[in-house]
Amino acid sequence: FPPPDSSWDAAYERELQTFQDIGDTGEIWFGEESMVRLIRWLEKHKVPFDSSVLDIGTGNGVLLVELAKSGYTNLTGIDYSPSAIQLSEKVREKEGMSNIKLKVEDFLAPSAELSGFDICIDKGTFDAISLDPSDAVGKRKLYVGSLCRVLKPEGFFLITSCNWTKEELLNEFREGFEILEELPTPKFCFGGRIGNSVTALVFQRK
């Protein structure tokens with residue numbers, strides 16, 4: 001990930017300021033429909049409400065708030081950016097969601113207590129790590145290793161990406177994960193070929 005004083009932190013600092021000024025949570029990086037899609041999948045598969053859920057790169061924490069509103073009670077959000085976690089805390093307080101745990105964590109070097117999750121969710125964090133100009137390949141390997149550490153065997157990993165195709169993601173996560181399902185995402189048409197601007201997949205840890 002970029003160093004903490006980089007543009008991500010600056011973006012969250014601005015959003016933090018805006019939230020304090022007008023109570024607006026700011027940018028939802030992947031839009032409303034991707035959150036709805038994830039929550040519907042959990043509901044359809046009757047994932048128990050007390051399952052432990054980790055939101056990797058929680059940003060402003062809005063997904064966790066939506067999960068809490070849907071009835072999920074064991075929620076943790078982590079982010080590399082302290083400003084993002086501050087923003088999430090403000091959003092959590094405003095919504096009165098005391099059952100959401102938030103921590104500043106570098107997912108590529110997770111702390112020991114980050115383990116045993118039933119479900120991990122990533123919307124855009126793997127994308128951001130993949131774009132890191134310094135050793136993106138090595139960082140992707142670290143990411144997969146961390147995911148194996150924090151997610152229980154048989155646990156679910158829900159990833160939403162706008163950089164990677166389904167085939168590429170299958171290749172990235174072939175060590176230790178199998179695909180369960182591809183979630184429908186908006187299609188776009190470019191030069192007569194139909195493609196997806198967003199890929200959403202559900203993996204299960206072997």
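- Between F203 and F173, the ring planes are tilted. Angles from 30° to 60° get that label.
- When each of T58, D55, L75 is paired with L63, the side-chain contact (heavy atoms from CB on, under 4.5 Å) condition holds for D55 and for no other.
- Between R37 and T160, some side-chain heavy-atom pair lies under the 4.5 Å cut-off.
- The aromatic rings of F157 and Y143 are tilted relative to each other, their planes meeting at an angle between 30° and 60°.
- Expressed to the nearest 0.5 Å, how far CD of E167 lies from CD of E172 amounts to 13.0 Å.
- Judged by distance alone, the side chain of S146 and the main-chain N or O of F107 form a donor-acceptor pair under 3.5 Å.
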L38/E66 under side-chain contact (heavy atoms from CB on, under 4.5 Å): CA gap, chis, key distance, verdict: CA-CA 10 Å; L38 297 174; E66 292 304 317; over 6 Å; no
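- In this structure the side chain of T76 reaches within 4.5 angstrom of the side chain of F117, judged on heavy atoms.
- Not a single donor-acceptor pair under 3.5 Å links the side chain of E175 to the backbone N or O of V144.
- With R92 contributing its side chain and I100 its backbone, the two residues share a donor-acceptor pair below 3.5 Å.
- Surrounding NZ of K46 are at most 12 heavy atoms belonging to other residues, nucleotides or ligands under 6.0 Å away.
- The cluster map of Ile, Leu, Val, Met, Phe, Trp and Tyr, joined by side-chain heavy atoms under 4.5 Å apart, puts L131 and I56 in different clusters.
- The shortest distance between side-chain heavy atoms of H45 and E181 falls below 4.5 Å.
- Formation of a donor-acceptor pair under 3.5 Å by the D122 side chain with backbone atoms of F126 is found in this model.
- Residues T125 and G57 approach most closely at OG1-CA, 3.3 Å, considering heavy atoms.
- At distances below 3.5 Å, at least one donor-acceptor pair connects side-chain atoms of Q204 with backbone N or O atoms of E154.
- Side-chain contact check for L147 versus F177: some heavy-atom pair is nearer than 4.5 Å.
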Test side-chain contact (heavy atoms from CB on, under 4.5 Å) applied to I119 and L54, step by step: CA-CA 6 Å; I119 292 153; L54 177 66; over 6 Å; no
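- Using modelled atom types, one finds a donor on one side chain and an acceptor on the other under 3.5 Å when comparing S134 with K139.
- Atoms CG and CD1, from N163 and I129 in turn, are 12.0 Å apart once rounded to the nearest 0.5 Å.
- A 6.0 Å sphere centred on NZ of K141 holds no more than 12 heavy atoms belonging to other residues, nucleotides or ligands.
- For the pair R149/P110, a side-chain contact is recorded, criterion being any heavy-atom separation below 4.5 Å from C-beta on.
- The minimum heavy-atom distance linking C120 with V150 is given by the pair SG-CG2, 3.8 Å.
- Taken from CG in D79 to CG in L102, the straight-line distance is 9.5 Å, to the nearest 0.5 Å.
- Between the side chains of D118 and S52, at least one donor-acceptor pair of N or O atoms lies under 3.5 Å.
- Looking at S51, its side chain never comes within 3.5 Å of a backbone N or O of V47 through a donor-acceptor pair.
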Full working for side-chain contact (heavy atoms from CB on, under 4.5 Å) between V202 and I179: CA-CA 6 Å; V202 181; I179 179 144; over 6 Å; no
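- Between the side chain of R205 and the backbone N or O of C148 there is at least one donor-acceptor pair closer than 3.5 Å.
- Residues G59 and S88 approach most closely at O-OG, 2.8 Å, considering heavy atoms.
- Side-chain N/O atoms of S130 and W164 include a donor and acceptor closer than 3.5 Å.
- Side-chain contact between I159 and L169 is present, with at least one heavy-atom pair separated by less than 4.5 Å.
- Atom-to-atom distance recorded for L64:CG and K69:NZ is 12.0 Å, nearest 0.5 angstrom.
- Counting heavy atoms from C-beta on, the side chains of D127 and C162 come closer than 4.5 Å.
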side-chain contact (heavy atoms from CB on, under 4.5 Å) between L201 and K166, worked out: CA-CA 7 Å; L201 302 178; K166 176 184 175 181; 3.9 Å; yes
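- Using a 4.5 Å heavy-atom threshold, the side chains of M35 and V62 count as touching.
- The line from CG of L67 to CG of L42 is 6.5 Å long, rounded to the nearest 0.5 Å.
- Between the CG atom of L183 and the CG atom of L158 there is a distance of 6.5 Å, given to the nearest 0.5 Å.
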